[in-house]
Amino acid sequence: MRHGLPASGEDWESLRERMIALASGDVDWRNARTAVYIFNAGEDVLRVAKEAYALYQSENALGPLAFPSLARMEREVVEMGLGLLHAPPEACGNMTSGGSESIFLAVKTCRDQARAQGRDTRGGEIVIPQSAHPAFDKAAHYLDLSVQRVPVGADLRADVDAMAARLGERSLMLVGSAPCFPYGLIDPIKALGALAERHDLWLHVDACVGGYFAPFARMNGALLPAFDFEVPGVRSISSDLHKYGYVSKGASTIFHRSETQRAHQIFEFDDWPAGGMTTPTAAGTRPGGAIACAWAVTHYLGEQGYREKTRIVMETREKMERAIAKISPLKILGEPTLGILAFTSDGPDPHAIWGRMLARGWFSSVVTEPRGIQLMLSPAHAAVCDEYLEDLREAILEVEQGVASGPDPGPRYA
Ligand SMILES: *Cc1c(COP(=O)(O)O)cnc(C)c1O
């Protein structure tokens, strides 16, 4: 039966209790047993995020005239993000609702700029590594473009020569990830940039999960390849605040190399009875809470806070990587350098191991090429990584002994 609107209202206290009870079947993220969907930087950060969100929960960033506060906070958040990514002075950007919207806008802006330059974009193509996020396929689907997915190299990073071989008349955009979601590896952005420049193509760097992490890892001394606007061919970057920015959900940034380029992102319209409307992103109404939350969390942590969180995640990743490499059937995929790692198994099926880990309360993502387990680490995982590793060894034994594998994730992410 369809759930109906109650005839009369219920008091908040009892609703609150019911909502908390509803979560009893959810993953146990507060105890750091979840390594996907959640970025847990500790109780203090969660409190700042929640209170800041609540302070501006009713305000609407669609109206910068009515809410100069939000316009200013968005501008400052964008400028801080640009400051982390070697952005030239003319670079600019916007806050969006998430990585998928940031990517959608990058693809749309690329297409519309090409059109403005007189190109016929029908049948236009974007050429991406096989490890790139489905948000590109979704954007292309919405925008009537097509995607060429190109197999990654033996190191599981974008194969630039293979991507070059796929370029043609209709190509509009190249994509590299920093890092890609499945394996946590940074694609060779410099080589992609050179390729993009040679063919006058738009290179988008998907730094959704690295844009607020890799810069701090580098400040802490990690030797990372160039991946941002430092590479001349890079025209836009997506970077999610609601991942390693530790902001509440609904917050990402899209950055452009120049204002003339971003102009193709903005939609303006006035032929209706309520006057002109200008929207820089895909949304109309834009939640003030997400912008305020981003402003507060970035100022609460500051460079020092982010560096510290990043240091903890990097140490946890290195420790888990070393330990997993020593568990005999397991093999780390590629050479992870940030907060994500993935591993496969030469013995028992990794997805069966995943099922046994789920039975022990651990929730993470999987990879399918090859079959494996993926972990996206947060600062909160430092406290539980020993326990995870112990359970992992036992889960392998269980699978070897034929214990029913439990739930199979199947080949899916969401
Ligand atoms: C998370 C992610 C996205 C999509 O972001 P959403 O906020 O989930 O829409 C895109 N690319 C990468 C590499 C990601 O990790």
Side-chain angles (χ1 to χ4, degrees), residues 34-40 49 77 81 85 93-108 126 128-142 147 149 152 156-158 173-189 192 203-215 217 224 227-228 234 236-255 281-283 286-287 290-291 293-294 297 313 317 333-334 336-342 364-369 374-378 412-414:
T34 301
V36 58
Y37 304 130
I38 299 284
F39 294 79
N40 187 346
V77 168
L85 299 171
N94 283 102
M95 277 189 66
T96 71
S97 62
S100 298
E101 186 185 351
S102 293
I103 288 168
F104 170 80
L105 290 173
V107 177
K108 176 215 128 50
I126 56 184
I128 73 177
Q130 176 65 8
S131 54
H133 196 276
F136 291 97
D137 303 76
K138 187 175 180 176
H141 181 73
Y142 285 175
V147 172
R149 282 187 170 261
V152 291
L156 299 174
R157 302 190 308 146
M173 179 185 257
L174 282 167
V175 170
S177 307
C180 67
F181 178 81
Y183 317 115
L185 307 173
I186 301 178
D187 287 326
I189 303 299
L192 285 170
L203 173 59
H204 178 79
V205 172
D206 181 7
C208 277
V209 71
Y212 293 94
F213 189 95
L224 301 178
F227 69 91
D228 57 21
V234 174
S236 57
I237 300 178
S238 48
S239 182
D240 290 351
L241 289 153
H242 62 202
K243 288 181 179 156
Y244 287 109
Y246 306 116
V247 174
S248 300
K249 304 293 188 275
S252 170
T253 33
I254 174 69
F255 300 120
T281 63
R286 300 168 76 208
I291 293 174
C293 181
V297 171
V313 173
R317 194 263 304 151
L333 292 171
T337 51
L338 300 171
I340 292 177
L341 78 161
S364 76
S365 197
V366 294
V367 287
T368 53
E369 301 170 13
Q374 188 254 31
L375 301 171
M376 186 155 61
L377 300 170
S378 291
R412 56 185 304 112
Y413 165 53

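As the structure lists them, so they are numbered: ligands from 1, and atoms in each ligand from 1. Side chains are part of it too, since the values below use all heavy atoms of this structure and drop only hydrogens, waters and symmetry mates.
- The contact set between ligand 1 and I103, taken as ligand atoms under 4.0 Å from a residue heavy atom, comprises 10 (C).
- Contact of the L375 side chain with the I340 side chain is not registered, since no non-hydrogen atoms from C-beta on lie closer than 4.5 Å.
- Taking a 6.0 Å sphere around NZ of K138, one finds it holds 12 or fewer heavy atoms contributed by other residues, nucleotides or ligands.
- In summary, the atoms of ligand 1 found under 4.0 Å from a heavy atom of G98, numbered by their order in the structure, are 7 (O).
- Judged by distance alone, with hydrogens and angles left aside, the side-chain atoms of Q130 form no donor-acceptor pair with the main-chain N or O of E369 at under 3.5 Å.
- Between the side chains of Y212 and T253, at least one donor N or O lies within less than 3.5 Å of an accepting N or O.
- Looking at E101 next to ligand 1, no N or O pair under 3.5 Å apart turns up.
- Looking at residues two or more places apart in sequence or on another chain, you find a side-chain contact (heavy atoms from CB on, under 4.5 Å) between S252 and T96, S102, D240.
- Between G99 and ligand 1, a contact under 3.5 Å exists for at least one N or O pair.
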Check: Would D206 and S238 count as a side-chain hydrogen bond (donor to acceptor under 3.5 Å, both in side chains) if you check the C-alpha gap in whole Å, the side-chain angles of each, and the deciding distance to 0.1 Å?
Finding: CA-CA 5 Å; D206 181 7; S238 48; 3.1 Å; yes
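- A perpendicular orientation is assigned to the rings of F39 and Y244, their planes being inclined by more than 60° (bins at 30° and 60°).
- Within the 4.0 Å heavy-atom criterion, neither part of A135 lies near ligand 1.
- By the 3.5 Å distance cut-off applied to N or O atoms, D206 is counted among the residues near ligand 1.
- Counting atoms of ligand 1 from 1 in the listed order, those under 4.0 Å from a heavy atom of C208 are 2 (C), 3 (C), 10 (C), 11 (N), 12 (C), 14 (C).
- For ligand 1, the atoms closer than 4.0 angstrom to any heavy atom of V209 are 15 (O).
- Within ligand 1, counting atoms from 1 as listed, the ones closer than 4.0 Å to a heavy atom of D240 are 1 (C), 5 (O), 7 (O).
- In this structure, K243 is part of the shell of residues with a heavy atom less than 4.0 angstrom from ligand 1.
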